Asker: 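Sharing a structure with you now.
Remember, it's a predicted structure, so these values are computed and weren't measured experimentally. These numbers come from the heavy atoms of this one structure, side chains and all, not from hydrogens, waters or symmetry mates. Chain identifiers are assigned alphabetically (A, B, ...) following the order of the sequence lines, protein sequences preceding nucleic acid strands; residue numbering begins at 1 within each chain.
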There are 4 protein chains.
Amino acid sequence: MVAGMPPPATPPPPPASPPPRAGRPRSTTADAAILEATRDALVELGWSKLTLGDVAIRAGVAKTTLYRRWAGKNELVVDAVAVLFDELELPDRGSLLADVEGVVLQFAALLERPETKTALMAVVAESTGDEPLRQRIRTAIVDRQKRLVLIGRERAQARGELPYEEDSEAAARNADLIFDVIAGAVVHRTLVSCEPIDEAWAHSFTLLLVSGLGSIQE
Amino acid sequence: MVAGMPPPATPPPPPASPPPRAGRPRSTTADAAILEATRDALVELGWSKLTLGDVAIRAGVAKTTLYRRWAGKNELVVDAVAVLFDELELPDRGSLLADVEGVVLQFAALLERPETKTALMAVVAESTGDEPLRQRIRTAIVDRQKRLVLIGRERAQARGELPYEEDSEAAARNADLIFDVIAGAVVHRTLVSCEPIDEAWAHSFTLLLVSGLGSIQE
Amino acid sequence: MVAGMPPPATPPPPPASPPPRAGRPRSTTADAAILEATRDALVELGWSKLTLGDVAIRAGVAKTTLYRRWAGKNELVVDAVAVLFDELELPDRGSLLADVEGVVLQFAALLERPETKTALMAVVAESTGDEPLRQRIRTAIVDRQKRLVLIGRERAQARGELPYEEDSEAAARNADLIFDVIAGAVVHRTLVSCEPIDEAWAHSFTLLLVSGLGSIQE
Amino acid sequence: MVAGMPPPATPPPPPASPPPRAGRPRSTTADAAILEATRDALVELGWSKLTLGDVAIRAGVAKTTLYRRWAGKNELVVDAVAVLFDELELPDRGSLLADVEGVVLQFAALLERPETKTALMAVVAESTGDEPLRQRIRTAIVDRQKRLVLIGRERAQARGELPYEEDSEAAARNADLIFDVIAGAVVHRTLVSCEPIDEAWAHSFTLLLVSGLGSIQE
DNA sequence: CTATAACCGAGACGGTACGTCGCGTCTTCGG
DNA sequence: CCGAAGACGCGACGTACCGTCTCGGTTATAG
């Protein structure tokens, strides 16, 4: 999740231990402290009033240390909130309807948290006209959550609720569509319309979605 | 859409002519110039690099004039982009499916414009923890577009494509749900997933939505 | 003391009543109110924090009214404090020594007042490189007080304490010198050295001055 | 003469070398550049039109650097002109009369310089109601020049022109008095009366002063 | 008795400078 | 070589006054 900035800049090859260069190694505890401090600051101050200097102080770390590891506020915040999205799960509730409803409520709960609420839209806004940031958001947050759609479909297919698709390309398109509909509706309801997502809404929405699914599956 | 800052702060009651107070009246041409300059600057610079000082210069106006009328960048940008959203229309294309598809494509085209792309998410992000800003967004942008859902439903009901709802409260809830689904999906696809919305996607999505509509109409 | 700005701009010929032009005449009460408000503001805020807008409010007058009558802060303050200097008198105390000591103490008391303390040095500083202002200070304040030196000398000459001078030019030079010595010493002691002027100091200084006078009177 | 702002704020104890604290040290060249730029700006613009932003540009320094080291315009200008006053000297011209006349002319020449002319009165005016500034002026400018009086007296006493004083307290009072008289008269003549100080005036004044000295020396 | 002219209050206007804040970089010291 | 500390150049912030202007309304003299 963390990406060293100037030296590696890209995630090092997973199994290969990074060649132990000379000099003092980077503090391993600092990363975690910084990311947590970032989340804390997001909760207290919100995106626009969050400053890297403040994060550094909260983390008990020098500002230079921070810039050595992240290119700026955007990148730092993406990493800081990305882990929160990985908490989403898709426990088997026995039916496609229940599975979707469950993930909708989970996602809604996540978006109610002040750190995600303020950070998500902000980094997306910043990613307009910042291609590297857009990529980072995709790999760190968006694409990782598509797994939920895939798992859910697989499970529904195993249950016989959904047919197996032969055209793998169309299947991918459908997964993307479903992902955009679910994530989009929840995000819009929560952050734009600013209305709470209760079980009633989740149920109505899920019903709408699952009912509509049949029509695009042939 | 423009609201004087300290004195009225909220849109004055429409039919009441503003009582001609003493002193030099505010320049009527300045507002339009400022809002246009704001949109231009958004296109060229994007949200985060837009400065009020720069807007003032572009508009040929003093920075103080700007602060006299808007509380800050957020409020200014909301007003500047709000008018763009009012351009959305719902021409009668003969069927609910076609109507929805049309508005989806229109909305997608609007979100492709750089000024809306960069501004919308940003002000929504800022509205977290800024209740007045949230209200302004709702009244200036969000609520105004719900009319499209209402018109579309009415028209579909007239065509017999949708039943008339008796429970007006449930009808309102359904309208909100549909609005969140449409707007959310389009926004998410465009700004988060960053994939273009072509006619194929619009068709698939519309099919999914309209098919699902039946299931929540009883 | 008050000088209309654009129309007369220069003090009108003293005995000639200004030709009663058409239109509403200037408020006669406003001038006094403004000058008093200026002195009040000087006491409370000091020179550098005094603003014309504030003076206008205190005087219950529009800012434009103020600018119609004075060219700016400098001119206004000169007029506002000038009257205070006219309060200085030279009562006959029976001897040159006593007369000088008396005026020294009077002058010191005047300079202890916060409005003169903060204003005098400030306008003098501003008069550097502002010839019109310099003239105004001279005519409104400085030259008017030279009368005290002239009266004192006359009186001392009548008493026989000082000889009558024949060379009128030299007499003028001497008067100027004495004026600079007295005023300068008192001002410097009060405002630069910031030490109080008590009777002991006044006595020592007067002794020094009067004793020295003999040496330049031939 | 230069004083760091937040940390020491007052001139550190002379012999103690400043403990080399952590972090990047302050630029040593910047101080001199800033003070010189300040003097240049004073000459060109005068006190009231001098801006710290402009000084920063002239010095090739960021505005914040300036504010890090001085509290404001007043303090900066005091430091900038203080060094000029240290140039005053008292060469031995053989007699008390000549010595005084010499220093009067030197002082007059100093006050003719535009930077001192415009700055001195201004900072004195500002020091009204600003006790720290008053202290700074005293320590940086005023008290340092009293040395001239002390040296002159000593020399005159050595020559037998003046008696040695036994009461050291009275001696101090006399020195202060003489200082105020000399400095005051020169300042007043130069800046208030705005008349040039030529040798004739200097001679008359010196004669007056030195003649009067005898009367307060017993 | 009505013009007409100059005044007045109020307040918005284009400017300039302010003093602060955060950015991202740099330069030092010590580990 | 890393990390802390902190000064640096830079640029934008939002505010305060400046001196000017444009209003509607008031109060005089002149016709």
Asker: Quick one: OG on Ser127(C) to CD1 on Ile137(C), what's the gap to the nearest 0.5 Å?
Answerer: 4.0 Å

Asker: Over how many whole Å does the gap from Leu76(C) atom CG to dC18(F) atom P extend?
Answerer: 11 Å

Asker: Answer yes or no: is there an ion pair linking Arg58(B) with Asp40(B), defined by an N-O contact shorter than 4.0 Å?
Answerer: no

Asker: State, with a plain yes or no, whether a side-chain heavy atom of Trp70(D) is found less than 4.5 Å away from one of Leu52(D).
Answerer: no

Asker: Nearest-nucleotide wise, let me know which of Ser27(C) and Gly72(D) is further upstream toward the 5' end of DNA chain E.
Answerer: Ser27(C)

Asker: Taking DNA chain E as the partner, which of residues 52-65 of chain C come within under 4.0 angstrom of it by heavy atom?
Answerer: Gly60(C), Val61(C), Ala62(C), Thr64(C), Thr65(C)

Asker: State whether the side chain of Lys73(A) and the backbone N or O of Trp47(A) hold a donor-acceptor pair below 3.5 Å, judged by distance alone.
Answerer: yes

Asker: Between C1' on dC23(E) and CG on Asn74(A), what's the gap in Å once rounded to a whole number?
Answerer: 13 Å

Asker: When you get a sec, tell me which of dC18(F), dA12(E), dC7(E) is the closest nucleotide to the side chain of Arg24(C)?
Answerer: dC7(E)

Asker: Please compare Thr51(D) and Gly23(D) by the position of their nearest nucleotide in DNA chain E and report the one closer to 5'.
Answerer: Thr51(D)

Asker: State whether the side chain of Ser27(B) and the backbone N or O of Ala30(B) hold a donor-acceptor pair below 3.5 Å, judged by distance alone.
Answerer: yes

Asker: Taking atom C1' of dC1(F) as reference, at what distance in whole Å does atom CZ of Arg69(A) sit?
Answerer: 13 Å

Asker: May I ask you to evaluate whether Arg26(D) reaches the phosphate of dC26(E), defined as a side-chain N or O under 4.0 Å from OP1 or OP2?
Answerer: no

Asker: Taking Thr65(D) for its side chain and Val61(D) for its backbone only, find out whether a donor-acceptor pair lies under 3.5 Å.
Answerer: no

Asker: If you round to the nearest 0.5 Å, how far is OG1 of Thr128(D) from CE of Met121(C)?
Answerer: 8.5 Å

Asker: Closest heavy-atom contact between Val123(B) and Leu133(B)?
Answerer: O-CD2, 3.9 Å

Asker: Could you state the atom-to-atom distance from CZ of Arg68(D) to P of dG22(E) in whole Å?
Answerer: 14 Å

Asker: Under 4.0 Å between a side-chain nitrogen and a carboxylate oxygen: does that hold for Asp79(D) and Arg136(D)?
Answerer: yes

Asker: In this structure, how many angstroms lie between the P atom of dA5(F) and the OH atom of Tyr67(A), rounded?
Answerer: 17 Å

Asker: Pull out every residue in residues 41-50 of chain D that has a heavy atom closer than 4.0 Å to any atom of DNA chain F, ordered by number, or say none.
Answerer: none

Asker: Rounded off to whole Å, could you give me the CD-to-P distance for the Glu75(A) and dG24(E) pair?
Answerer: 9 Å

Asker: Rounded off to whole Å, could you give me the NZ-to-P distance for the Lys73(C) and dC17(F) pair?
Answerer: 10 Å

